[in-house]
Trainee: 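I have a structure here, written as C-alpha cells, and I will follow up with some questions on it.
In this chain, numbering begins with 1 at the start of the sequence shown. When a ligand or atom number is given, it counts from 1 through the structure's own listing order.
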Amino acid sequence: MDIKSKIEELRKKINSHNYRYYVENTPAISDYDFDALLRELQNMEESYPQFDDVNSPTKRVGSDKSNGFESVKHRYPMLSLSNTYSQDELSDFCRKIEEELEREVQYVCELKFDGTAICIIYENGKLLKAVTRGDGSSGDDVTENVRTINSVPLELIGSGYPNYFEVRGEILMPYSSFDRLNAERELNDEQPFANPRNAAAGTLKLQNSSIVAKRSLDCFIYNILGEELPYRNHYENTLQLKEWGFKVSEQMKLCSSVSEVWSYVESIDKMRVELPYATDGVVIKVNKYDIQKQLGSTAKAPKWSVAYKFKAEQALTKLLSVDFQVGRTGAITPVANLEPVQLAGTTVKRASLHNSDQITLLDIRVGDMVYVEKGGEIIPKITEVELSMRSAGSHTFEYITNCPECNTPLVKFEGEAKSYCPNQGGCAPQILGRIEHFVARKGMNIDGLGGETIVLLHNNGLVNNIADLYSLHHDQLVSLPRLGAKSADNIVKGIENSLNIPFARVLFALGIRFVGETTAKYIASHFKNLEAIMAASTEQLIEADEVGSKIAESIQEYFRDENNLEIIRRLSAANLQMSAESIELVSENLTGKNFVISGSFIQHSRDELKALIEQHGGKILSAVSSNTNFLIAGNKIGPAKLTKATKLNINIISETEFINMIASTDNVKLNTITSENDNNVTQGSLF
Ligand code: IVH
C-alpha cells in the first residue's frame, strides 16, 4: 500500500474509534491501543508533510497559534426560538398550527440543550468551517477550536451525504468538566464561571485551541440545512446525521398529538436531572419540511417551532444579613445569610452574592424577601427581590468600604468587580489563608497542620508567615494548649519532610496570584530556579508555556514586595528546594549536541522537548549560530531561523526525527521537575 493510502486508512480507523468512544459510548479498543494508532499517524504525517490535512484526527490537540476570529456571514440565518413556560401556550402553539393546516401534524420533540449554538459546515464529507451564532446573520469563525471537540466529526463516515451542507447544534460543557475547571480557576484566583453555559461559550472564544482541547467540550447536533438533503423531514434527517458520525440526542421523539408532546415534556423534566450536562427545556418542531415552509418564520424565530422552558426551581425567603469573607488574596466576597428554606431537595441558608455590583443591580436590602435559585444546580444565588413585600423602612444596602477583619480601606483593581483588602501582612484571614495554602497537600504537604492548628500557632504569636514555620521548635509546640507531644512530633516531621518537596510545588505553595499548580510546573521547568524567575522580564516570563501577561505581571508584583523577598530569603536559608533537581540523565545519546527549537509542535510542548534534550545529554541554545548542531523545526517556524540554519548548513529536523534520535533509549522521561504523582504534563493524548 502506498504511503498516502496508508495515512488515509489510519485516519479512517482512528475516526471510527473516536466515533465509537465519544458518540456511541462503545469503545472497541483500549486507550493504550488508540494512543498507539494516533502516534503512528502523527509520525507518518510528520515524515510525509505533503499529505498533511487540517481534518486529520491528530489535529484535535489544537494549536498554540492565536486565532483572532474572522467574521463569517451565515448562508442561512441562525434564528432563535420563541419560548414559553406554560402548558396552555404550548397547547395553543399546536392547536393553531393544526387549525391553519386543517390536518393533524407530527412533531419532533427534543431536549433543549443549555450551551452555546454553533453552525458547522461540511464540504465533500469534511469539516470546512465552524461559526458561532453571532448576531444571527454573521458570527465568528471558531473552526480551530471546534476541531478539538471529540464528538464533532472531522470527516464523515458512511455515504450519501450532500457535497455541501450545514449542521446546527449546541456546544456544551458537561458538569464534570465544569466542576473541574472551576475548582482549578478558584485555586488560581480566577473568577469561576457562573454556569456550564458561560463556561462553554467562554471556552469556544479562547484564542488558544490547545486549551480548548483540554476542557472536554461536547456537541449535540439538532438541525441540518442544505439544498440536497436526503429526506424531506427533520426526524429522518436527524437519524441520518447520526449515521454520518454526528452526536444527536438519544431523547428525540416523534409525537402525533399535543397530549403526547406533553407526556414527553413531563418525562424529560423528571429524567433531565440525571443527565451529565445542562438542559433547560424541550424544543418542539414540526417534522415535515413542506409544512415548516408553509408556516414560515418571523425575523427572529421560526413559526414551526417553540421551546418549552423549565422553570429553575426557586424559593422565596428572607435576607437576614450579609457577611463578608476575606480570601487569601484579600478578595472580599459577600455572602447572604437567609432564613432557612427548602430548595431542590436541600435546605438553603446561605447564598452567594458575588460582588457589590450585583447587590446594587438587584437593589438587595437586608430584610427583603428574595428569590433564591440553584443556577446550574450549584451554589444557590439570589436572583430577584420581591419588591411588593419590601417593608417601608428598608435602607439601600451600603457596601463596606473597610475590611471587615482589619478595618483597612478596601481597594478595587481595574477591570475587576471584587474589592480587595490590601493589608496582606496584617489581615488575619489573609495570613492564615496563605499559610493554609502553603501547607496544603498539593503544596508543601505538611501533615498535622490543619486550619485549627494554624490559628493556634498564629494566636500564640509563633507563626505570622510561611517562613516562620521553619523556625518552630518542638518545645514551643508542646507548650501550646491542646497540642500533645505526638501532634508536635508530627508537625516537626512534616516540616522537615517538606524540605524535599520539588521546586515546582514550592513555587505553587508561595501563593502567587494566578500561579496555579500547572502554571507553576511550566514556570519551574522553563526557568529552573527561583533566581531566574525573579530576574525575568515580562517578555521572558511570557516565554514559559501557559504564562500570559496577567500572570507575568502578578509574578513581578509578588517579587517587588519587600516582605515577600524577606520570606524568600528565609525559606532559602531553611533549605527549601529553590531550583529544579539536577537532571537525571536517561541516556547520553545527545551529549555534545546543541539544539535550537523553533515553531509549535504536535506531540510535545517546547518545554517538554527541552526537557528531553537535557535528559539525553544535549544542550539548548536560544539562537541559531555556528555552534548549533540541530534545528528542531515545528509548525510556523520563524523564517529567519530557517534561512540562517540553511546558510550555516545546520541539520533541520522534525519533531518525529528528533524523537527517533532519542528513541533507542526506551524509557523516555518527561518530568524532570515533578514528583511521581505529579504527572499531568500534556502529552497530546486523546483520553
Ligand atoms: S433549533 C430555527 N433545537 O436554543 C431553530 N435549538 O433559544 C433553531 N437550542 O439558538 C434552533 N437545544 O442554541 C434547536 N434541540 C434544539 C436546541 C436548540 C438548544 C438552543 C439554540 C438556539 C436556542 C434558542
Side-chain angles (χ1 to χ4, degrees), residues 74-85 89-90 93 97 107-120 130-140 142 146 149 151-152 165-174 195-205 217-226 229 233-235 237-239 241-242 246-255 261 264-265 268-269 271-272 275 277-289 291-312 376:
H74 291 298
R75 183 184 286 211
Y76 310 98
M78 275 183 92
L79 298 179
S80 186
L81 288 173
S82 35
N83 280 337
T84 175
Y85 287 91
E89 280 181 20
L90 179 59
F93 166 81
I97 289 177
Y107 303 97
V108 181
C109 294
E110 299 167 359
L111 295 178
K112 185 168 183 333
F113 302 103
D114 197 8
T116 184
I118 192 74
C119 164
I120 317 178
V131 187
T132 62
R133 180 170 183 276
D135 61 4
S137 60
S138 58
D140 282 339
V142 288
V146 170
I149 303 174
S151 46
V152 172
F165 69 93
E166 300 186 11
V167 291
R168 302 279 164 87
E170 200 83 351
I171 291 180
L172 303 167
M173 183 176 286
N195 52 48
R197 180 187 349 108
N198 290 1
T203 301
L204 199 61
K205 289 291 188 73
L217 293 176
D218 207 343
C219 180
F220 279 99
I221 299 300
Y222 48 63
N223 208 4
I224 176 167
L225 292 158
L229 305 184
N233 69 76
H234 176 65
Y235 188 73
N237 276 335
T238 309
L239 292 180
L241 282 173
K242 183 159 188 236
F246 293 96
K247 189 162 185 170
V248 302
S249 167
E250 299 283 323
Q251 276 76 29
M252 180 175 71
K253 187 166 187 258
L254 200 55
C255 295
V261 169
Y264 177 86
V265 169
I268 294 297
D269 196 13
M271 65 77 66
R272 75 191 185 101
L275 292 172
Y277 43 79
T279 53
D280 60 344
V282 161
V283 180
I284 297 103
K285 298 171 181 171
V286 167
N287 186 30
K288 289 198 168 151
Y289 288 163
I291 307 183
Q292 288 187 1
K293 208 167 165 201
Q294 199 178 337
L295 293 166
S297 299
T298 67
K300 276 195 182 153
K303 293 188 195 162
W304 44 263
S305 180
V306 71
Y308 176 85
K309 300 234 311 187
F310 298 120
K311 281 186 216 70

Trainee: With heavy-atom distances below 4.0 Å as the criterion, list the atoms of ligand 1 near V283.
Mentor: 3 (N), 15 (N), 16 (C), 17 (C)
Trainee: Look at atom 12 (N) of ligand 1 and say which protein heavy atom is nearest, naming residue and atom and giving the distance to 0.1 Å.
Mentor: F113 N, 3.0 Å
Trainee: Specify the closest pair of heavy atoms between S305 and L81, including all atoms of both residues, with the distance to one decimal.
Mentor: OG-CD2, 3.3 Å
Trainee: With a sphere of 6.0 Å drawn around NZ of K309, does it hold more than 12 non-hydrogen atoms of other residues, nucleotides or ligands?
Mentor: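 Atom NZ in K309 is packed in, count exceeds 12.
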Trainee: Just which atoms of ligand 1 are under 4.0 Å from any heavy atom in A117?
Mentor: 13 (O)
Trainee: Could you tell me whether the side chain of N198 and the main chain of A201 form a donor-acceptor pair under 3.5 Å?
Mentor: no
Trainee: Do T132 and D140 pair up side chain to side chain, a donor and an acceptor below 3.5 Å, judged on atom types alone?
Mentor: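 No, D140 and T132 have no side-chain donor paired with an acceptor closer than 3.5 Å.
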Trainee: Find out whether Y308 and F93 are in side-chain contact, i.e. whether some heavy atom of one side chain is under 4.5 Å from a heavy atom of the other.
Mentor: no
Trainee: Tell me which protein heavy atom sits closest to atom 21 (C) of ligand 1, plus the residue, atom name and distance to 0.1 Å.
Mentor: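 Checked against all protein heavy atoms, atom 21 (C) of ligand 1 sits closest to Y222 OH, 3.0 Å.
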Trainee: Using a 4.0 Å heavy-atom threshold (strictly under), name the region of L81 that reaches ligand 1: side chain, backbone, both or neither.
Mentor: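 It is both parts that get close, each with some atom under 4.0 Å.
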Trainee: To the nearest 0.1 Å, how far is atom 8 (C) of ligand 1 from its closest protein heavy atom, and which atom is that?
Mentor: L79 O, 4.1 Å
Trainee: For atom 7 (O) of ligand 1, which protein heavy atom lies nearest, and how many Å away is it?
Mentor: K112 NZ, 3.3 Å
Trainee: My understanding is that only residues two or more places apart in sequence, or in another chain, count here; which of them pass side-chain contact (heavy atoms from CB on, under 4.5 Å) with Q294?
Mentor: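 For Q294, the residues satisfying side-chain contact (heavy atoms from CB on, under 4.5 Å) (neighbours in sequence not counted) are L101.
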Trainee: Is P302 near ligand 1, meaning one of its heavy atoms is under 4.0 Å from it?
Mentor: yes
Trainee: Tell me, which protein residue and heavy-atom name are nearest atom 13 (O) of ligand 1, and how many Å apart are they?
Mentor: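 Going by distance alone, atom 13 (O) of ligand 1 is nearest to E170 OE1, 2.6 Å.
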Trainee: Among residues at least two apart in sequence or on other chains, which ones pass salt bridge (Lys or Arg N to Asp or Glu O under 4.0 Å) with E166?
Mentor: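 Only R168 meet the salt bridge (Lys or Arg N to Asp or Glu O under 4.0 Å) criterion with E166.
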Trainee: For atom 15 (N) of ligand 1, what is the nearest protein heavy atom, given as residue, atom name and distance?
Mentor: E110 OE1, 2.8 Å
Trainee: At a non-hydrogen distance cut-off of under 4.0 Å, which region of K285 contacts ligand 1 (side chain, backbone, both, or neither)?
Mentor: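 Side chain only.
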Trainee: When you measure from the heavy atoms of N223 to every atom of ligand 1, does any distance fall below 4.0 Å?
Mentor: no
Trainee: Does ligand 1 have a heavy atom under 4.0 Å from the side chain of L111, from its backbone, from both, or from neither?
Mentor: backbone
Trainee: Between Y277 and F220 (judged by ring centroids, cut-off 6.0 Å), do the two rings come close enough to count as a pair?
Mentor: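 Ring centroids of Y277 and F220 are less than 6.0 Å from each other.
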Trainee: S82 and A301: which non-hydrogen atoms are nearest, and at how many Å?
Mentor: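 Between these two residues, the closest heavy atoms are N-CB, 3.8 Å.
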